[in-house]
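Only one structure is covered here, and it is reproduced in the block below.
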2 protein chains.
Amino acid sequence: MTTRAGRPRRRNQVLSREQIIDTAVAMLDAGGESALTIRALTERLSTGSGAIYYHVGTRDELLDTATETVIGAALTTRPAGSAAAPAGEIRVVALALFDAIAAHPWLATRLTLQIVRNPVGPVTVGIFERIGGQMDALGVPRASWFDAASTLVHYILGAVSQNARIEGDTSGIDPAGDRDAFVDEASAAWQGLDPEAYPFMHAVVGQLREHDDREQFLTGIAVILDGLARLR
Amino acid sequence: MTTRAGRPRRRNQVLSREQIIDTAVAMLDAGGESALTIRALTERLSTGSGAIYYHVGTRDELLDTATETVIGAALTTRPAGSAAAPAGEIRVVALALFDAIAAHPWLATRLTLQIVRNPVGPVTVGIFERIGGQMDALGVPRASWFDAASTLVHYILGAVSQNARIEGDTSGIDPAGDRDAFVDEASAAWQGLDPEAYPFMHAVVGQLREHDDREQFLTGIAVILDGLARLR
DNA sequence: CCACGTTTGGTACAACGATCCAAGTTGGTG
DNA sequence: CACCAACTTGGATCGTTGTACCAAACGTGG
C-alpha cells in the first residue's frame, strides 16, 4: 500500500495524462465535441489550465489523442485469435469501428479530420494495415492490393461516419426509442418529397423503415468483397 | 441600366443573401473553416453583423447553406443529357462530388457533419436520389435498392472526404507540387514503420507513390458495381 | 408627406483557447 | 538533515470569437 510505483511514476504526479484523456472522452461522449472545453475540463478535474496544457497540449491535440486512444482500443479487438477467414477478419475490424463510433458519435467528424490532416498517424496506419493484411489471403493480385484496401477503408470509414447519431441531450435513456424516432422522422420527410422529382426515395422508403444499420453495413462489405474477388 | 429589377428585389436591398453565401464560400476556400468568422465576413462586405444574421442566420446555418449551395451546384452537372449507361451516370455524379471537395476542402468535415445531423436535408436526399435512380437500370433487384444505393453513397462520400487535402497557406501556386510533397512525406513515413508490425504498408508503399487518386476512386466504384451485379 | 415595416451598422456581453508566471511539490545530493 | 533543481500545478490575463440587442437609416405604399 505504500507509494511503491509499479509503473514509472517519475516525480510528483497528482494528475496523469491518461486521466485527462479518459475524462475528455467521457465529456465528449456525454455532450459532443462542443462540451469539451478547457474550462469544463479543469473544473471537472479540479485543476488549472496549466496542468492540462502541460500534459496533453492544446485542445486540438487533446481531441486527436482522444481519437487515437478510442480507435486504438477498438482495433485491439481480437488481435488475431485463431486464424479466421480473411473476410471474417475484415468484418471483425469493420464492426469494431462501427461500434466505436456508435459509442462515441463525436468520432464521425474527428476521424475524417484526422485522416485528412495527418494521414500518417496511428489511426490511418492501424486501420489500413489491419484491413490490407487480408488482401493476400483474399486472393487479390499483389498489384491491386493498395486499390483494394483503399476501397474497403474508404467504404468502412464512410459508412461508419455517416451512421453516427448525435443525440441532443443525455436524457435519452432508451437508445432504441431514439433510433425509432429518427427513422420515423426521416421516412416521414422522404414521404413528403415530390414523388416525380424523387421517385427513388419514394420507392425505398419502406426499406428505410425496416432496415438494420448494422446488417446494411455488412451487406456493403460483402458486396465489395464480391467485387474484389473478380480482380484476380 | 436603371434600377429596374429583373428579379424580385423587394425593398431596400443593398446586401443580398446570395452575395453573403458566395463571399463565405470564397473565404472558406481561401483559408478553411477557421477563416470564416463573422467579423472577417462583415469587414469584407463592409457591413455589420446584424445584416449577416438577418439574411443567413447563425454561423452554423451559414456553413450549412454554403455546403448545400456547393453540393447542389455540383449535382447539377449533366442533368441527364442523353441517356447514358447507368454506370456512367454514377461515375459522373461521383466525379462531380470528388471535384467539388477537391475545390472546397472544407467540405470534408462539413459534409459528414451535415449528413449526421440532418439526414433529411437537400444534400443527402439529392445525392441519394441521383445515385439510387440508377439501381433499376443497373439490374439490382428491387428489394436490394436501398442497400445497394447506401453502399455506393457511403463509399463515394467516404472516399471523397478522405481524399480532401488541406493546404496550410494560400501560397501553394503549384498544386501538383503540393501533392508530390504530400506523397513523398507519406511514403517516407510508411517506409519508416516497423516492417514486421506493418508488412502490408511496406508492401504497398510503391503503389502509394505511383497511384492516382482519381483513378483509384473510380476503381473502387467499379469494384462495387461488379459486386452489385452479383446481387441479381 | 407621412407612417410603418424592412434593412443596416455597431455596441455589448459572455465564453472560449491559449499564454504566462509564481507558488507548490518531490526526489536526489551534499 | 538541509537544500537545490527540476517537475508540476493553479490561476490570472489577453485577444478573439459568436451572437443578442438596439437605434438609426432607408424606401415604399397610402
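Residue numbers begin at 1 in each chain, while the letters A, B, ... track the order of the sequences.
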>> Which residues in residues 19-26 of chain A have a heavy atom closer than 4.0 Å to any atom of DNA chain C?
In response: none
>> Would you say that B/Thr112 contacts B/Leu157 through its side chain, given a criterion of any heavy-atom pair below 4.5 Å between the two side chains?
In response: no
>> Applying salt bridge (charged side-chain N to carboxylate O under 4.0 Å, His left out), can you list everything that pairs with A/Arg59, at least two apart in sequence or on another chain?
In response: A/Glu33
> How many Å lie between CG on B/Leu63 and C1' on D/dT19, as a whole number?
Replying inline: 15 Å
> Residues two or more places apart in sequence or in another chain: which of them pass side chain to side chain donor-acceptor pair (under 3.5 Å) with A/Arg44?
Replying inline: none
>> Measure CG/B/Leu15 against C1'/D/dA25 and give the value in whole Å, please.
In response: 15 Å
> Which letter, B, S or -, goes with each nucleotide of nucleotides 17-22 of chain C from 5' to 3', with contact meaning a protein heavy atom under 4.0 Å?
Replying inline: BBBB--
> How close or far is atom C1' of D/dG11 from atom CD1 of A/Ile52, stated in whole angstroms?
Replying inline: 13 Å
>> Using the salt bridge (charged side-chain N to carboxylate O under 4.0 Å, His left out) criterion, which residues pair with A/Arg39? Sequence neighbours excluded.
In response: none
>> Under the rule for side chain to side chain donor-acceptor pair (under 3.5 Å), what residues qualify as partners of B/Asp22, not counting sequence neighbours?
In response: none
> Does any pair with a residue in residues 150-162 of chain B pass side-chain hydrogen bond (donor to acceptor under 3.5 Å, both in side chains), and if so which ones, sequence neighbours excluded?
Replying inline: A/Gln216-B/Ser150
>> Rounded to whole Å, how long is the line connecting atom NE2 of A/His55 with atom P of D/dC7?
In response: 13 Å
> What residue pairs, at least two apart or across chains, pass salt bridge (charged side-chain N to carboxylate O under 4.0 Å, His left out) with a residue in residues 181-196 of chain A?
Replying inline: A/Asp184-A/Arg209
> When all nucleic acid strands are considered with a 4.0 Å heavy-atom cut-off, which category describes A/Ser46: base, sugar-phosphate, or nothing?
Replying inline: sugar-phosphate
Side-chain donor/acceptor pairs under 3.5 Å, residues 103-111 of chain A, sequence neighbours excluded:
unit_1	atom_1	unit_2	atom_2	d
A/His104	ND1	A/Asp29	OD1	2.7
A/His104	ND1	A/Asp29	OD2	2.9
A/Trp106	NE1	A/Asp29	OD1	2.6
A/Arg110	NH1	A/Asp64	OD1	3.1
A/Arg110	NH2	A/Asp60	OD1	2.9

> How many Å lie between CZ on A/Arg17 and P on D/dC7, as a whole number?
Replying inline: 17 Å
